[in-house]
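Remember, it's a predicted structure, so these values are computed and weren't measured experimentally. For ligands, and for the atoms within them, numbers begin at 1 and follow the listed sequence. Worth knowing before you read on, the calculation uses all heavy atoms, side chains too, and leaves out hydrogens, waters and symmetry mates.
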Amino acid sequence: MNLLKGKTVLITGAARGIGRAIAKKCAMEGANVAFTDIRIEDSFTSLEKELNEMGIKAKGYAFDASNYEASQTSVEKIIADFETIDVLVNNAGITRDSLLMRMTEEQWDAVLTVNLKSVFNMTKAVQKPMLKQKCGSIINISSVVGVGGNPGQANYSASKAGMIGFSKSIAKELGARNIRCNAIAPGFIMTDMTDTLSTEIKESWYAKIPMKRGGTPDEVANAVVFLGSDLSSYTTGQVIHVCGGMQM
Ligand code: NAI
């Protein structure tokens, strides 16, 4: 299939996990892929190589998406290299879990800055080129805990809920200009982020999920293909849950 043929997709935090699956799925659908991560490691270099071997144009950019200046200058470089950015996927994210009683200011600031400020930085940077193109799709990877909350994740839940409010506001601001903005709320997805949890905790999550299993990064990437492609041309300001029914 070629659902994204002719489009350039920019994905933050794509060297591993969900972002990596999104990058590969978009390439499979014919998109050119610009991806970012905070530093160049083996996974970063190998992704760039794997994507280029798929016959599309692909390039990685190393910078901290929570840094405003770095985000603006990097997006300028990406535009110079790819000419357009049709789809932005704000995927970079971190956790610093702790009950509020023990949560430090650093844990709060780190999560809000990486998860939420990066979305402002990157969306602001792509706004002008998307306005010029008269089209665009912005996809923010939120979480079910941004909708339902989770003990021990007040910082993370607040950042993910913030992404939803941001998405709806941008959908209202830019809808008339044919720029769409939606959020995806994944549930329990099996990546490095969730691999740190004990088997016991994982099993307890699975028990609470109607589909009785965790999701795969590819299952989240499929929703990104829908929102990035013209299949979703009349969908904006929505939160699509990819969670096996965990949040209804
Ligand atoms: P991960 O930890 O495997 O990957 C996150 C990537 O973001 C890493 O490559 C990391 O280097 C990069 N990154 C971190 N800080 C960055 C920064 N400042 N600038 C640029 N890149 C940065 O995480 P995973 O599981 O793939 O999660 C991806 C997104 O999906 C995150 O936003 C996460 O909150 C969200 N999510 C994940 C769920 C899960 O169960 N794994 C569930 C719901 C949402």
Side-chain angles (χ1 to χ4, degrees), residues 10-25 34-48 60-75 78 88-97 107 109-122 125 139-150 153 155-164 166-167 183-197 201-202 205-206 208-209 211 213-221 223-224 239-244 246-247:
L10 166 58
I11 309 142
T12 64
R16 63 174 200 233
I18 294 172
R20 191 179 184 96
I22 293 170
K24 289 172 105 172
K25 190 74 80 171
F35 72 89
T36 86
D37 215 287
I38 193 150
R39 62 184 70 86
I40 298 178
E41 288 178 352
D42 288 352
S43 55
F44 182 105
T45 322
S46 70
L47 178 63
E48 194 173 64
Y61 300 81
F63 64 94
D64 179 354
S66 70
N67 180 304
Y68 183 79
E69 276 309 318
S71 302
Q72 309 313 302
T73 53
S74 301
V75 168
I78 295 167
L88 166 66
V89 187
N90 285 309
N91 167 78
I94 57 168
T95 51
R96 295 286 183 274
D97 296 353
Q107 287 174 320
D109 286 346
V111 169
L112 268 290
T113 311
V114 173
N115 296 7
L116 189 55
K117 190 181 174 204
S118 67
V119 175
F120 163 75
N121 294 344
M122 295 299 292
I139 304 164
N140 294 322
I141 308 297
S142 176
S143 167
V144 288
V145 309
V147 179
N150 196 27
Q153 289 199 308
N155 50 358
Y156 184 76
S157 307
S159 73
K160 295 296 178 181
M163 289 172 83
I164 293 174
F166 182 89
S167 304
I184 293 177
F188 191 101
I189 308 299
M190 296 171 292
T191 67
D192 290 349
M193 190 177 265
T194 45
D195 205 38
T196 51
L197 301 169
I201 291 180
K202 282 186 207 162
W205 274 109
Y206 299 158
K208 285 185 262 181
I209 300 169
M211 291 188 76
R213 64 171 179 88
T216 65
D218 269 350
E219 288 173 315
V220 179
V224 170
V239 182
I240 298 189
H241 291 242
V242 181
C243 65
M246 187 199 270
Q247 179 83 46

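Here the side chains of K25 and V224 are not in contact, with every heavy-atom distance at 4.5 Å or above. Between N90 and F166, every side-chain heavy-atom pair lies at or beyond the 4.5 Å cut-off. In this structure, the side chains of P186 and I141 come closer than 4.5 Å at one or more pairs of heavy atoms. Side-chain contact between K160 and N115 is present, with at least one heavy-atom pair separated by less than 4.5 Å.
Residue S143 approaches ligand 1 through these ligand atoms, each under 4.0 Å from one of its heavy atoms: 43 (C), 44 (C).
Looking only at protein heavy atoms, the nearest one to atom 19 (N) of ligand 1 is A65 N, 3.0 Å. Of the protein's heavy atoms, Y156 OH, 2.5 Å lies nearest to atom 34 (O) of ligand 1. At the shortest separation from atom 28 (C) of ligand 1 among protein heavy atoms lies N91 OD1, 3.2 Å. Ranking protein heavy atoms by distance to atom 14 (C) of ligand 1, first place goes to I94 CG2, 3.9 Å. The closest protein non-hydrogen atom to atom 42 (C) of ligand 1 is G187 O, 2.9 Å. In terms of protein heavy-atom proximity, atom 1 (P) of ligand 1 is closest to R16 NE, 3.5 Å.
Residue contact check for ligand 1: S142 places a non-hydrogen atom closer than 4.0 Å to it. For the ligand labelled ligand 1, residue R20 lies outside the 4.0 Å heavy-atom shell. For the pair T12 and ligand 1, no heavy-atom separation below 4.0 Å is found. Every heavy atom of G214 sits 4.0 Å or more from the atoms of ligand 1.
Residue-to-ligand polar distances place D64 within reach of ligand 1: an N/O pair is separated by less than 3.5 Å. The N/O atoms of D37, backbone and side chain alike, include one that comes under 3.5 Å of an N/O atom in ligand 1. For ligand 1, the polar-atom distance check against T194 finds no nitrogen or oxygen pair separated by under 3.5 Å. Backbone and side-chain nitrogen or oxygen atoms of P186 are examined, and none is located within less than 3.5 angstrom of a nitrogen or oxygen of ligand 1. In terms of N/O distances under 3.5 Å, ligand 1 is not approached by N115.
Only the backbone of F63 comes within 4.0 Å of ligand 1, counting heavy atoms alone; no side-chain atom from C-beta on gets that close. Proximity of T191 to ligand 1, defined as any heavy-atom pair under 4.0 Å, is confined to the side chain (atoms from C-beta onward). Only the side chain of V114 comes within 4.0 Å of ligand 1, counting heavy atoms alone; its backbone N, CA, C and O stay farther away. At a 4.0 Å heavy-atom cut-off, ligand 1 does not touch M190 at all. Contact annotation: for P217 versus ligand 1, there are no heavy atoms closer than 4.0 Å.
Ring planes of Y68 and F120: parallel class, angle under 30° (limits at 30 and 60°).
Atom-to-atom distance recorded for M190:CE and I18:CD1 is 10.5 Å, nearest 0.5 angstrom. In this structure, OG in S143 is found 9.0 Å from CD1 in I189, a value given to the nearest 0.5 Å. Atom CD of residue Q153 and atom OG of residue S159 lie 9.0 Å apart, to the nearest 0.5 angstrom.
A salt bridge links K202 and D195; the closest N-O separation between the charged side-chain nitrogens and carboxylate oxygens is under 4.0 Å.
Of the candidates I38, N155, V114, I94 forms a side chain to side chain contact (heavy atoms under 4.5 Å, CB included) with just one, namely V114. Screening N91, V89, D37 for a side chain to side chain contact (heavy atoms under 4.5 Å, CB included) with T12, the sole residue that qualifies is N91. Screening F63, F44, Y61 against F35 for a ring pair (Phe, Tyr, Trp, His ring centres under 6.0 Å) leaves a single residue, F44.
Closest non-hydrogen pair, E48 versus G60, comes out as OE2-N, 2.6 Å.
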